[in-house]
Amino acid sequence: MIKSYAKVILNNNSKSTDQIYTYGIDEELENRIQVGKRVKVNFGKNKHIIDAVVISISANCDISKNRIKPIIEIIDDEPIIKEEMIRLCLWIRERYVCKFSDVIRLMVPSMIKYEHNIFVKVVDTGFCEIGLNRKENELLEIIKKGKIELGKLKKNYLNNDLYSLLDSLKEKNIIEIENKEKLNYKRSYEKIISLKDSNKNLEQYNINKTQNQINILNYLKEFGKVNIKKLVSDLSISASVVNNLIKKDILLCESVLYDIDESNFELEHKITLNKEQQNAVDKVINQDDKVFLLHGVTGSGKTEVYMEIIEHYQKENKQSIMLVPEISLTTQTIERFKKRFGNKIAVFHSRLSKKEKYIEWNKVYNKEVYIVVGARSALFAPIRDIGAIIIDEEHEDSYKSSTSPKYDAIEVAIKMSSILNAKVVLGTATPSLSTYHMVMKGQIELIEMKNRVKNAIMPQIDIVDMSEELNKGNNTIISELLYRNIKKSLEKKEQVILFLNKRGYSGFVSCKKCGHAIRCDKCDVSMTYHVKGNMLRCHYCGRTKKMIIKCPKCGSEKIEQFGAGTQHVEILVKHLFPNAVTERMDVDSMSNKDSYEKIYNNFKGGKIDILIGTQMLAKGFDFPEVTTVGVLSADAILNLPFYNASEKTFQLLTQVSGRAGRGDKRGRVFIQTFEPQNYIINAAKNNDYNLFINEEMKLRKEFAFPPFVNIINICMISVNEEKVIETALQKYNELSDSVQEMVQERKLLLYKPIPHAIYKVNNEYRINLFIKVSNYALGSLKKIIRAIYMEKDIENIKISININTDTI
DNA sequence: GTCTTATCAGGT
DNA sequence: CCTGATAAGACG
């Protein structure tokens with residue numbers, strides 16, 4: 001007997017089912033049902049069983065009652081998503097124009113798919129089998145092999161009528177469907193290998209020593225206990241070699257609870273905060289405001305402030321979230337937190353396996369930890385009672401998701417502060433324009449820290465005019481001034497960092513003599529060179545120009561397409577400083593994940609003299625011995641074809657400068673550029689955030705870019721080139737018709753679809769569409785976009801929608 | 001996501 | 001008038 005009704009979100013990935021469905025709640029389920037629990041329901045004309053998440057419960061329903069089916073059963077004993085977080089889900093779906101299932105995926109680790117907990121097995125293979133049809137027999141053969149997870153069965157047996165076949169086999173009492181209702185929280189074990197007798201000498205072992213065996217024994221002598229997986233991969237041997245030695249009683253194998261408490265960390269002594277730091281902590285904790293911007297110069301000790309705030313809420317029995325950019329989520333960062341908080345910490349990052357993520361998720365869910373440290377997705381950890389959300393280096397691009405839903409962690413955190421009553425602290429030395437805009441509008445409370453801790457002084461920054469260098473006859477990418485200073489540093493046994501821009505984004509075109517770069521008249525972004533047709537193109541509005549021969553500013557013919565490879569620089573540096581140890585660090589050379597830490601540790605230990613790298617280096621590299629920092633080409637970032645290129649340049653230059661002179665020696669920074677007069681570069685040199693923000697805000701307003709308007713990007717992707725072009729145009733026409741009125745009212749600017757700046761990637765073709773829209777019209781535009789692009793799936797075409805996420 | 005129904009060309 | 005292929009529609 002149905003007593004009440006539940007609204008649910010189905011767990012499938014289709015655009016056409018991305019809506020809220022209503023199911024009936026039987027009397028017997030009534031006292032167990034709860035918002036945030038998963039339930040099992042029938043969906044569709046066949047008895048398809050799928051799971052769904054309850055998002056609300058009410059006594060009546062808004063559709064005709066004869067259509068309503070009952071909920072079959074409730075999966076969870078406890079909600080797996082908090083009711084408030086369900087509200088956040090709905091908000092994210094609206095805000096970023098995505099599907100419910102995309103959002104749910106953020107909140108629930110993939111390991112607890114319901115189907116992992118249903119098993120199918122054979123009960124009786126007696127005569128009942130007689131009279132089965134072909135399909136039933138086929139299915140039975142698979143199940144006969146042994147008990148199998150429903151999820152796996154689905155993958156093995158790709159037939160539509162799986163469910164009805166299972167039903168009929170079940171009715172004939174041939175199979176049994178076992179349903180573990182509870183989540184399996186069991187932790188896994190790992191195998192730790194060690195030497196049985198570590199005092200024994202190599203020669204004392206009574207075996208025929210093969211090379212592999214000797215390697216293992218030596219390895220274990222050096223490192224002691226090691227996880228078997230690590231041992232096998234480090235020595236690139238097979239596990240059977242290890243197992244053999246275990247059998248021969250030479251090695252010891254222990255099963256240890258995975259992720260066992262490694263709290264042999266010495267807890268660090270809490271340091272005393274200085275006045276500025278203490279003031280920041282007090283403001284966050286005591287003021288009524290919810291969201292704070294902690295604007296502190298590089299080296300002002302923001303991390304201590306974060307820790308103090310987290311500790312405050314820990315004492316109130318509240319959990320906190322600490323977000324850091326993925327790239328700085330290294331062992332060093334995590335160690336720093338473990339030293340302060342022991343094992344009361346869960347860590348989320350992209351290198352974790354599904355299982356590891358699940359383990360961390362459970363630690364938070366069961367309130368075993370008080371801090372969640374992680375990249376942006378850690379925001380959705382299943383926290384019960386939240387204290388603070390802290391976002392370090394808030395200006396970083398990595399807080400904007402590049403997979404659907406393309407959310408901005410900062411916006412989400414701010415929303416969470418009002419839904420969950422949490423404090424949000426955004427920390428950085430170079431606040432992003434959008435954040436600062438909110439400060440100016442009074443939506444965020446500003447806290448400033450203007451001094452470095454221990455009174456360390458800011459480095460001296462020099463701007464080097466590279467066109468002068470050219471006139472002097474120096475064609476290389478290292479100026480004389482920089483060269484002399486590298487040499488000086490090396491002589492004093494100090495370290496050097498050289499920065500290069502992220503390699504090879506499609507080239508902008510600039511004059512080598514005066515530094516003038518060709519920009520779009522209407523968009524004020526660099527135009528990119530296209531070999532096809534010898535054209536320059538703006539990738540926002542699609543406007544094209546003929547490729548120039550003479551510089552329109554100075555008339556010089558030294559026009560160049562930009563882009564110096566990192567390898568090229570490495571060769572040059574090695575040639576100039578043959579005695580120094582030089583290492584390169586970029587996406588190319590970081591093939592495996594350990595190499596980052598390896599280089600980090602070598603640099604820290606003084607084994608590397610010169611480090612060449614990309615943006616990667618600007619974060620979290622904190623070395624007292626670095627006294628010379630060179631930015632080889634500030635223009636390369638400044639002229640990237642993005643409207644926020646200036647902002648990124650200022651941020652990067654400031655962060656980079658912060659790498660120098662962290663110890664008691666004063667560092668020097670050299671910024672090489674063809675545009676020494678550029679205000680961005682000079683603002684960075686003088687550490688003048690206000691100059692930068694005022695100028696940049698003016699420009700953004702004038703050319704209508706965020707934060708003054710919203711930029712929406714709809715990207716269509718397909719392996720089928722013709723189809724993607726055709727569909728993009730057809731949808732554009734539909735859209736164009738629907739928004740006509742808004743365009744006339746000047747609430748909206750719709751650009752024609754244009755090829756993505758990198759048109760073909762991974763064999764897929766990409767067509768971009770840009771829309772600029774005012775805040776007032778954003779809501780109604782999103783409704784139109786959903787109706788046109790999100791109503792149903794189009795075969796072979798992927799659609800990706802971006803709201804104000806500028807790195808495409 | 002999966003199934004059902006509608007539709008249409010082509011064949012008997 | 002049946003048949004198979006394909007597109008459109010519904011599912012609570």
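All chains are named by letter (A, B, ...) in the order of the sequence lines, taking the proteins before the strands, and each is independently numbered beginning at 1. Heavy-atom basis, side chains included; hydrogens, waters and symmetry copies ignored.
Between A/Glu791 atom CD and B/dG1 atom C1' there is a gap of 16 Å when expressed in whole angstrom units. Atom CD1 of A/Ile794 is separated from atom C1' of B/dG1 by 17 Å (rounded to the nearest Å). We find that NZ of A/Lys15 is positioned 17 Å from C1' of B/dT2, with the value rounded to whole Å. In this structure, A/His48 places its NE2 atom 5 Å from P of B/dC3, rounding to the nearest Å. Distance CD (A/Glu795) to P (C/dT6): 10 Å, rounded to an integer number of Å. To the nearest angstrom, C1' of B/dG1 lies 10 Å from CG of A/Asn11.
A/Lys723 has no carboxylate O lying under 4.0 Å from a charged side-chain N of A/Glu726, or vice versa, which leaves the two without a salt bridge. Comment: A/Asp793 does not engage A/Lys99 in a salt bridge, judged by the lack of any side-chain N to carboxylate O separation of less than 4.0 angstrom. Note on A/Lys400 versus A/Asp397: no salt bridge recorded, every NZ/NE/NH1/NH2 to OD/OE distance being 4.0 Å or above. Under a 4.0 Å N-O distance rule, the pair A/Lys40/A/Glu73 qualifies as a salt bridge.
In this structure, A/Glu721 places its CD atom where more than 12 heavy-atom neighbours from other residues, nucleotides or ligands lie under 6.0 Å away.
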All N/O contacts under 3.5 Å from nucleotides 9-12 of chain C to the protein, with atom names and distances to one decimal?
residue	atom	partner	partner atom	Å
C/dC11	OP2	A/Arg67	NH2	3.4
C/dC11	N4	A/Ser16	O	3.4
C/dG12	OP1	A/Lys69	NZ	2.2
C/dG12	O3'	A/Thr22	O	2.5
C/dG12	O3'	A/Lys69	N	3.4
C/dG12	N7	A/Arg67	NH2	2.5
C/dG12	O6	A/Arg67	NH2	3.4
C/dG12	N2	A/Ile20	O	2.8
C/dG12	N3	A/Thr22	N	3.4

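For the pair A/Arg766 and A/Tyr759, the NZ or CZ position fails the cation-pi test of under 6.0 Å to the six-membered ring centre and within 45 degrees of the ring normal.
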